[in-house]
Amino acid sequence: LSAFFPDDKHFFFPDPRLSAAFLLNRQVKVNASISRTVQYLHRLATLPFYFPADYWLPSGQRLVPQRAWQATLGLEGSLDAGLEFNVEGFYKTMQGLASFPDTFFFDPFFSSGPLEESVVSGSGTAYGLELLLRKQEGRTGGWIGYGLTKSTRQFEQQNGGLAFPFAFDRRHELKFFLFRRLGEHWQASLNWNYGSPNPQVVTDSEGEPIDPGTKNLFRSTAYHRLDLRSEERRVGKECRSRWS
């Protein structure tokens, strides 16, 4: 149970959460969960005109709390040769999300009235599938993970009322980690991350409506990162590491 008491207003919500697991055999287990969460603070980002900024506003007379339901279903277990696997899907719905309309233009030198009067409320969804294969024992091991996800938002005053990709929607994400133990005291490892392009929020006007169905269609470049590491492994003593 959660409660929030802003000025002249009060909110009270139950937050039920349930999880269960079923053993198919000694090596494989099915997991499932469902939960409801409530958030009373809203993060609002202005479009990158002259003064990009994020604002945090509490729920109150004009802003209702954000509510979300999330369900997950997964399968995990072990394979031969010390391998472990995990497969999990999730689906999440969100209500009471806050944002500025497409026609909102904020100039800190000429603003008038509280920001709450310009905020609109909407909904969102997020769903996807995550895969993980891991090996932790032996001289050589590591793990590889892949995520396929989609996240959308929908507001009557944005994108002509049509759903659009969320600013942090990343469709594909791949993570790869590999280690090799060198003798009793040293370990070398490699860590590589890849992420497909996120939506690139762009605008060519100051508060002018955008064409319906075109919001967040442009994508930025893909994300790559590679780390190489050698580490001295000493039990009970401080470890020293070197990065390149």
Side-chain angles (χ1 to χ4, degrees), residues 1-20 31-49 51-74 88-108 111-130 147 149-171 173 198-199 201 203 207 209-210 212-213 215-216:
L1 301 174
S2 64
F4 184 67
F5 301 94
D7 294 337
D8 302 325
K9 190 72 175 178
H10 67 275
F11 299 101
F12 183 81
F13 286 96
D15 295 345
R17 303 178 187 184
L18 175 67
S19 63
N31 297 315
S33 69
I34 185 171
S35 63
R36 185 198 191 191
T37 54
V38 179
Q39 182 170 309
Y40 299 100
L41 292 179
H42 299 263
R43 173 186 172 273
L44 297 98
T46 60
L47 292 176
F49 298 118
F51 191 73
D54 291 343
Y55 295 90
W56 292 89
L57 298 178
S59 300
Q61 295 291 344
R62 294 185 57 87
L63 287 176
V64 299
Q66 303 173 78
R67 292 95 58 202
W69 280 97
Q70 177 167 312
T72 65
L73 179 63
E88 185 175 84
F90 72 93
Y91 190 88
K92 182 177 183 179
T93 62
M94 295 158 278
Q95 297 79 36
L97 303 180
S99 183
F100 293 119
D102 287 336
T103 55
F104 177 78
F105 175 69
F106 176 68
D107 190 324
S111 61
S112 61
L115 288 178
E116 290 87 343
E117 296 182 358
S118 301
V119 174
V120 296
S121 182
S123 60
T125 60
Y127 52 91
L129 180 69
E130 297 177 346
T149 60
K150 184 177 182 179
S151 181
T152 62
R153 297 291 185 268
Q154 188 170 15
F155 298 85
E156 289 186 3
Q157 293 82 358
Q158 290 188 5
N159 201 40
L162 302 175
F164 58 90
F166 184 45
F168 297 104
D169 173 54
R170 190 183 293 280
R171 198 59 44 82
E173 189 168 16
N198 279 6
V201 181
T203 180
I210 66 173
K215 187 178 181 67
N216 288 1

Asn216 side-chain N/O to Phe164 backbone N/O, donor-acceptor pair under 3.5 Å: no

Atom of Asp169, atom of Lys150 and distance for their closest heavy-atom approach: OD1-CA, 3.3 Å

Flag if over 12 foreign heavy atoms under 6.0 Å of CD, Gln95: yes

By ring-ring contact (aromatic ring centres under 6.0 Å, His included) - contacts of Phe168 (at least two apart): Phe166

N/O donor-acceptor pairs under 3.5 Å from side chains in residues 58-67, not counting sequence neighbours:
unit_1	atom_1	unit_2	atom_2	d
Ser59	OG	Tyr40	O	2.9
Ser59	OG	His42	NE2	3.2
Gln61	NE2	Asp8	O	3.0
Arg62	NE	Glu116	O	3.0
Arg62	NH2	Glu117	O	3.4
Gln66	NE2	Leu41	O	2.9
Gln66	NE2	His42	ND1	3.4
Arg67	NH1	Pro65	O	2.8

Non-neighbouring partners of Thr125 that pass side-chain hydrogen bond (donor to acceptor under 3.5 Å, both in side chains), sequence neighbours left out: Thr152

Working for side-chain contact (heavy atoms from CB on, under 4.5 Å), residues Glu130 and Glu173: CA-CA 9 Å; Glu130 297 177 346; Glu173 189 168 16; over 6 Å; no

Value rounded to 0.5 Å, distance of CD in Gln157 from OG in Ser121: 9.0 Å

Side-chain touch Arg153/Ser99, heavy atoms, less than 4.5 angstrom: no

Using distance only, find each side-chain donor-acceptor pair of residues 10-19 under 3.5 Å and give its atom names and separation, not counting sequence neighbours.
unit_1	atom_1	unit_2	atom_2	d
Asp15	OD2	Ser2	OG	3.3

Side-chain donor or acceptor of Asn31 paired with backbone N/O of Gly74 under 3.5 Å: no

Spatial distance of atom CG (Leu129) from atom CG (Leu73) [nearest 0.5 Å]: 10.5 Å

Atom pair CZ (Arg171) and OG1 (Thr149), whose distance is rounded to the nearest 0.5 Å: 7.5 Å

With Tyr127 via ring-ring contact (aromatic ring centres under 6.0 Å, His included) - residues at least two apart: Tyr91

Asn159 side chain vs Pro212 backbone, donor-acceptor pair below 3.5 Å: no

Inter-residue atom distance Gln70.CD - Met94.CE, 0.5 Å rounding: 9.0 Å

Donor-acceptor pair, side chain of Gln158 and main chain of Phe100, under 3.5 angstrom: yes

Salt bridge (Lys or Arg N to Asp or Glu O under 4.0 Å) contacts in which one or both residues fall within residues 89-100, not counting sequence neighbours: none

Nearest-0.5 Å distance, CZ of residue Arg43 to CG of residue Leu57: 12.0 Å

